[in-house]
Student: 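If you scroll down you'll find the structure; I have some questions about it.
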2 protein chains.
Amino acid sequence: MRTVTIADVARHAGVAVSTVSYVLSGKRAISESTSERVMRSVRALGYHPNAGARALASKRSNVIALVLPLRAGMHLPVLMQFATSVVTTARRFDHDVLLMTADEGPDGLRRVAASAMVDGLVLMDVEIHDPRVPLLRDLGEPSVLIGFPADASGLTCVDLNFAQAGAICAEHLAGLGHREIALLGAPNVVYKRGTAFAERVMEGFVAAGHRHAAGTVAWPCEETFDEVCATVSALLERHPGTSGLVVHNEAAVGHVLGALRVLGRRVPQDVSVVAICPDDVAERASPALTSVLIPAEDVGAQAVNLLMAKLEGESVPEATLLNPRLTVRRSTAAR
Amino acid sequence: MRTVTIADVARHAGVAVSTVSYVLSGKRAISESTSERVMRSVRALGYHPNAGARALASKRSNVIALVLPLRAGMHLPVLMQFATSVVTTARRFDHDVLLMTADEGPDGLRRVAASAMVDGLVLMDVEIHDPRVPLLRDLGEPSVLIGFPADASGLTCVDLNFAQAGAICAEHLAGLGHREIALLGAPNVVYKRGTAFAERVMEGFVAAGHRHAAGTVAWPCEETFDEVCATVSALLERHPGTSGLVVHNEAAVGHVLGALRVLGRRVPQDVSVVAICPDDVAERASPALTSVLIPAEDVGAQAVNLLMAKLEGESVPEATLLNPRLTVRRSTAAR
DNA sequence: AAGGGTTGTCGAAGCGCTTCGACGCTGTTT
DNA sequence: AAACAGCGTCGAAGCGCTTCGACAACCCTT
């Protein structure tokens, strides 16, 4: 069963090859009747254009690259959500997605760009001093970053508005009457690495606390149960008036509840808890946690939308921030 | 800056286009001196073959498809590990990876196959009655499945040896002298869905228990803290002699430890616990859990190895089972 | 009735690569 | 000395598609 080519379709429909091409691309006006005859032949023969030939002739591959971060051991479940939403959205624009890891280094990006495999790039989980960024600049390939590097000028970046995520948590707790609130963040190493989002959450949290006249503290938090226990009890000892707790650490959130249980603090009667985490984690906890969601799907979809706009030659904003959403559950209560 | 073509390289090196091609592919003998001159030109000009043209002429795209399951809400962190190991291994064979979700349905697979975008397929997380399998059969595209469908004949499948994972846990506990052991598995819905691996773990666990004269029970286990608590306490009530517990549920593993703490059972003095989960989850728990690892990297890599062998026309085994590995930590002790 | 737009279709020229057959060498065999 | 076999290289023919210019055929204007 030989593969069906555009010539087969043309012959079957009794038209020229170019006519078939124009019917399919819509780049020239074709009469209703011809167009329909061609489409019938396309379906009858089960024709699918050869991607290589198309790319060669049109200089467009209809493929975008999705570049994962180099950092190993990053198995954030959200990454998978990003990825699937990127794929789904790209398909909506009739594009496919080439998956790359950054551990090929600059050469990898150079390779896919130079070989015309892809029309553009989406880089996930960009860090403040991301080595991929300078490369990207002189590659001149259309691209969108998820995350913000230190110098974002001339680039197109999308991200969750992390500062607002921190702020929303503080405001929710302050609104319930809590006057001393605390944030438990990522492990120390994350701040050291310069992962922007972690710091932004803290800043937003602290700023919003000040605005609402609530006392704030923000501590990093390791991820083993024992360390979480120690951190929580030290925190409550140092700041005994703390009645609101924000946890921005997906791995630790379960442990925090365990620690409070061990320390004899009831949630939400003694301490209200807000988590910044996926909904399923929040719902599995006991009590179910009031939480701020990271809208991974939206971020991925928006990144692709922007990239497609760039491919069409439209100009797009340099920065796009997506707003987080707070869901109230059973772990927060008025003081 | 026009893109560099093979003709540019040929001119620069003073040879014919075909000679450059043969140097690069190694498909005909080329003298050492010519070969070196060509390679120098390739580097000097920064030449990268145009992927589309190459695919068109050679009928090989050097791209494989990685197909994710349709099932949404599948947030197994291991999936990302699979994916990255597939990409890394594919690159080792000079192939790239096209990421697809199965929610395009059969047409999606048909499309990439018919358009010659990919040379072969890797399907992740295949279920017992996976709708993608019959399609795959008549597509006739080289493929490898991760997971086992009910009828695997004529296919190539790779997976973790889940039965052995269950067995290893039972043997470890029996070896420590535990005579009544229990398995807490996935939520009920998973067994209903016919996800093979969950059942296999149970079977392996039960069989090994029998072999070692230990009493076994296996219960499904939901994932919220409250339900885990209820399940664990019901289990211990119904089988008071239980001194060994295997948890095959990544989301619940933390809650199980919390539940035991609440119920006043010490780990490992009163109950030994083994988890089937990634190492980082096991290490974060308190006490650190003896665990059986799902070697996601190996599975992905092996899948690609097999696919590449098939693309070379070699014949490969229909079934490949990878062995799990038990790591002893602080949560298991002799009875 | 002649000119001038539109509209719909066609033919052919590539796009950059691989691969096949051809051919001039040099070296070996008769 | 003729015949032959490799070896190393070249030229040219595609691969299946897009796109450009050409050109009938038609409908309006003058």
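To find a chain, count down the sequence lines: A is the first, B the second, and so on, and within it residues start at 1. Side-chain atoms are counted along with the backbone in the values below, which use heavy atoms only and exclude waters and symmetry mates.
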Student: Which pairs with one or both residues in residues 9-20 of chain B pass salt bridge (Lys or Arg N to Asp or Glu O under 4.0 Å), sequence neighbours excluded?
Tutor: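 Qualifying pairs, neighbours excluded: B:D8-B:R11.
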
Student: Is B:R132 salt-bridged to B:D125, cutoff N-O under 4.0 Å?
Tutor: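 No, no charged N to carboxylate O under 4.0 Å.
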
Student: Tell whether B:Y22 reaches the base of D:dC7 with its side chain through a donor-acceptor pair below 3.5 angstrom.
Tutor: no

Student: Quick test of your reading of the model: are B:R60 and B:E312 salt-bridged, counting only N-O distances below 4.0 Å?
Tutor: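 Result for this pair is yes, salt bridge flagged.
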
Student: Which pairs, with at least one residue in residues 40-53 of chain B and sequence neighbours excluded, count as a side chain to side chain donor-acceptor pair (under 3.5 Å)?
Tutor: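 Sorted result for residues 40-53 of chain B: B:H12-B:S41.
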
Student: To the nearest 0.5 Å, tell me how far B:E141 CD sits from B:L311 CG.
Tutor: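 Here the interatomic distance stands at 8.5 Å.
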
Student: Please determine, by modelled atom types, if B:S31 and B:T34 share a side-chain donor-acceptor pair under 3.5 angstrom.
Tutor: yes

Student: List the atom pairs, donor and acceptor, that lie under 3.5 Å between side-chain atoms in residues 147-157 of chain A and the rest of the protein, sequence neighbours left out.
Tutor:
| unit_1 | atom_1 | unit_2 | atom_2 | d |
| --- | --- | --- | --- | --- |
| A:D151 | OD1 | A:S153 | N | 3.0 |
| A:D151 | OD1 | A:S153 | OG | 2.8 |
| A:T156 | OG1 | A:K310 | NZ | 2.7 |

Student: Taking protein heavy atoms under 4.0 Å as touching, what does nucleotides 12-17 of chain D look like 5' to 3' if B marks base contact, S marks sugar-phosphate-only contact and - marks none?
Tutor: B-BBBB

Student: Counting only heavy atoms and a strict 4.0 angstrom limit, can you tell me which residues of residues 24-43 of chain A come near DNA chain D?
Tutor: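 Per residue number, the list reads A:K27, A:R28.
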
Student: With salt bridge (Lys or Arg N to Asp or Glu O under 4.0 Å) as the rule and sequence neighbours excluded, what pairs involving residues 15-27 of chain B come up?
Tutor: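 For residues 15-27 of chain B, and leaving out neighbouring residues, there are no salt bridge (Lys or Arg N to Asp or Glu O under 4.0 Å) pairs at all.
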
